[in-house]
Engineer: 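My questions all concern the structure below.
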Amino acid sequence: MISFIITTKNNEKTLERLLQSIKKQTYKNWEIVVVDNNSTDNTKEIAKRYTKKVFNKGPERSVQRNFGVTKAKGEYVAILDSDMVLSRNVASEIGAEFNDPRIGGLVIPEKSIGSGYWARVRAFERVFYEGDRGIEAARAFRRKIFKQFGGYDENITGPEDADLPLRMRKAGVKIGRIKSYIFHDEQDINPIKSARKKYYYARGAYRYLKRHPEMALSQGNLIFRPAFFRKPFKLIKSPYLTMGLFVLKLFEMGGALLGIAQAIFSRVGKKKPAL
């Protein structure tokens, strides 16, 4: 069985599309576990139409995900966000890849969808990340391996996606990759909203980069990521999207730097003065 763990918070606009895409999977041995964080809209009501396993837990995504895994019955767990849509063969490919006992986790490649210029820019950005181990992170795991590593670090929100698979890889766990895509609904993305998200997530980046300093160039450098320059002709052939990409990354870098600065000053402020 595959347990799909979905974390939510006021996601009534996107959740049903994800749940419908799970129902349409060609592989049928699965369950859905939804862990909500005090939604005030109809998120919980929508979830209950598809599963009895609807729980409430907070305060952050990492806690929700770990809690969801404790409620899962599947041998494999796939960690999903509510604004995703699965292509039809995701579950079957997860099951097939895990037939190899050496594999402890699986990357599920992502494509962005949505309307408007900035959604097109995000979709363009994701093209550069496909197959890049420095960016793509595993979302599906053997449940026993997930528990063995303590799940997601609950002191990190944002980089926890990359932290857990990196800890696994460093311990010798093999991370595989399927071919079918997750489609990520970007909705009303724009540079300001994206910068705010990076600001929020960057507050946990200090702990992540301290643990994995080798990732500072590929992940910490949001503007001049090596992934962009491995495919230079794509940048040249699409100047309109390339311009938007670097504008978007510039805003995100600004938000991230502010978030990191706040985290550092908060840590300094909490230190007790020497006697």
Engineer: Residues sharing Met168's hydrophobic cluster, by side-chain heavy-atom contacts under 4.5 Å among ILVMFWY, directly or via others?
Structural biologist: Ile5, Val33, Val35, Phe55, Phe67, Val69, Val77, Ile79, Val107, Phe141, Ile145, Phe146, Phe149, Tyr152, Leu164, Val173, Ile175
Engineer: Which residues satisfy the ring pair (Phe, Tyr, Trp, His ring centres under 6.0 Å) test with Tyr50, sequence neighbours excluded?
Structural biologist: none
Engineer: Could you pull out all residues at least two apart from Arg177 that satisfy side-chain hydrogen bond (donor to acceptor under 3.5 Å, both in side chains)?
Structural biologist: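 Per chain and number, Arg177 pairs via side-chain hydrogen bond (donor to acceptor under 3.5 Å, both in side chains) with Glu136.
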Engineer: Which residue pairs satisfy the side-chain hydrogen bond (donor to acceptor under 3.5 Å, both in side chains) criterion with at least one member in residues 104-116, sequence neighbours excluded?
Structural biologist: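 Non-adjacent pairs meeting side-chain hydrogen bond (donor to acceptor under 3.5 Å, both in side chains): Glu110-Arg126, Glu110-Arg139, Glu110-His184, Ser112-Arg126, Ser112-Glu186.
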Engineer: Is the shortest distance from a Lys or Arg side-chain nitrogen in Lys144 or Glu75 to a carboxylate oxygen in the other one below 4.0 Å?
Structural biologist: no
Engineer: For Arg122, is there an ion pair with Glu252 - N to carboxylate O distance below 4.0 angstrom?
Structural biologist: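 Yes.
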Engineer: What are the two closest non-hydrogen atoms of Tyr199 and Gly259, and how far apart are they?
Structural biologist: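 Distance-wise, the nearest heavy atoms are CD1-N, 3.3 Å.
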Engineer: For Gln64 versus Lys57, what's the shortest heavy-atom pair and its separation?
Structural biologist: CG-O, 3.3 Å
Engineer: Please table the atom pairs, donor to acceptor, closer than 3.5 Å between any side-chain atom in residues 231-243 and protein atoms at least two apart or in another chain.
Structural biologist:
residue	atom	partner	partner atom	Å
Lys231	NZ	Val127	O	2.9
Thr242	OG1	Leu235	O	2.7
Thr242	OG1	Ser238	O	2.8

Engineer: Mind jotting down which residue pairs meet the salt bridge (charged side-chain N to carboxylate O under 4.0 Å, His left out) criterion with at least one end in residues 150-166? Sequence neighbours excluded, please.
Structural biologist: Arg61-Glu160, Arg61-Asp161, Arg65-Glu160, Arg65-Asp161, Asp153-Arg207, Asp153-Arg211, Asp163-Arg167, Asp163-Arg211
Engineer: Just to verify, what does Lys52 make a side-chain contact (heavy atoms from CB on, under 4.5 Å) with, not counting sequence neighbours?
Structural biologist: none
Engineer: Any non-hydrogen side-chain atom of Asn66 less than 4.5 Å from a side-chain atom of Thr70?
Structural biologist: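 The answer is no, as the side chains (C-beta and beyond) never meet within the 4.5 Å cut-off.
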Engineer: How close do Ser92 and Tyr27 get, heavy atom to heavy atom, and via which atoms?
Structural biologist: N-CB, 3.4 Å
Engineer: Distance alone, cut at 3.5 Å: any donor-acceptor contact between the side chains of Lys44 and Asn56?
Structural biologist: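 Short answer, yes.
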Engineer: If we count only N and O atoms by modelled type, under 3.5 Å, do the side chains of Asp83 and Thr14 hold a donor and an acceptor together?
Structural biologist: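 Not at all, the side chains of Asp83 and Thr14 share no donor-acceptor pair under 3.5 Å.
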Engineer: Is any side-chain heavy atom of Ile108 less than 4.5 Å from a side-chain heavy atom of Ser180?
Structural biologist: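 Counting from C-beta outward, Ile108 and Ser180 never come under 4.5 Å.
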Engineer: Classify the angle between the aromatic ring planes of Phe128 and Phe124 as parallel (below 30°), tilted (30 to 60°) or perpendicular (above 60°).
Structural biologist: perpendicular
Engineer: Would the number of heavy atoms belonging to other residues, nucleotides or ligands and lying under 6.0 Å from NZ of Lys147 be above 12?
Structural biologist: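 Yes.
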Engineer: Give me the other members of the hydrophobic cluster that Met1 sits in, counting Ile, Leu, Val, Met, Phe, Trp and Tyr linked by side-chain heavy atoms under 4.5 Å, directly or via other members.
Structural biologist: none
Engineer: Check Trp118 against Gly244 and note the closest heavy-atom contact, atom names and distance.
Structural biologist: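 For Trp118 versus Gly244, the nearest heavy atoms are CZ3-O, 3.3 Å.
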Engineer: Residues in side-chain hydrogen bond (donor to acceptor under 3.5 Å, both in side chains) with Thr43, at least two apart?
Structural biologist: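 For Thr43, the residues satisfying side-chain hydrogen bond (donor to acceptor under 3.5 Å, both in side chains) (neighbours in sequence not counted) are Asp41.
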Engineer: Less than 4.5 Å apart, side chain to side chain, heavy atoms only: is that true for Leu248 and Ser194?
Structural biologist: yes
Engineer: Taking ring-ring contact (aromatic ring centres under 6.0 Å, His included) as the cut-off, I'd like each qualifying pair that reaches into residues 78-110, sequence neighbours left out, listed once.
Structural biologist: Tyr76-Phe98
Engineer: If I compare all heavy atoms of Ile178 with all of Ile94, which pair ends up nearest, and what's the gap?
Structural biologist: CG2-N, 4.2 Å
Engineer: Which residues satisfy the salt bridge (Lys or Arg N to Asp or Glu O under 4.0 Å) test with Lys9, sequence neighbours excluded?
Structural biologist: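 Result, salt bridge (Lys or Arg N to Asp or Glu O under 4.0 Å) vs Lys9: none returned.
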Engineer: Are Asp36 and Ser39 linked by a side-chain donor-acceptor pair shorter than 3.5 Å?
Structural biologist: yes
Engineer: Which residue pairs pass the salt bridge (charged side-chain N to carboxylate O under 4.0 Å, His left out) test with at least one member in residues 22-34, sequence neighbours excluded?
Structural biologist: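 Non-adjacent pairs meeting salt bridge (charged side-chain N to carboxylate O under 4.0 Å, His left out): Glu31-Lys53.
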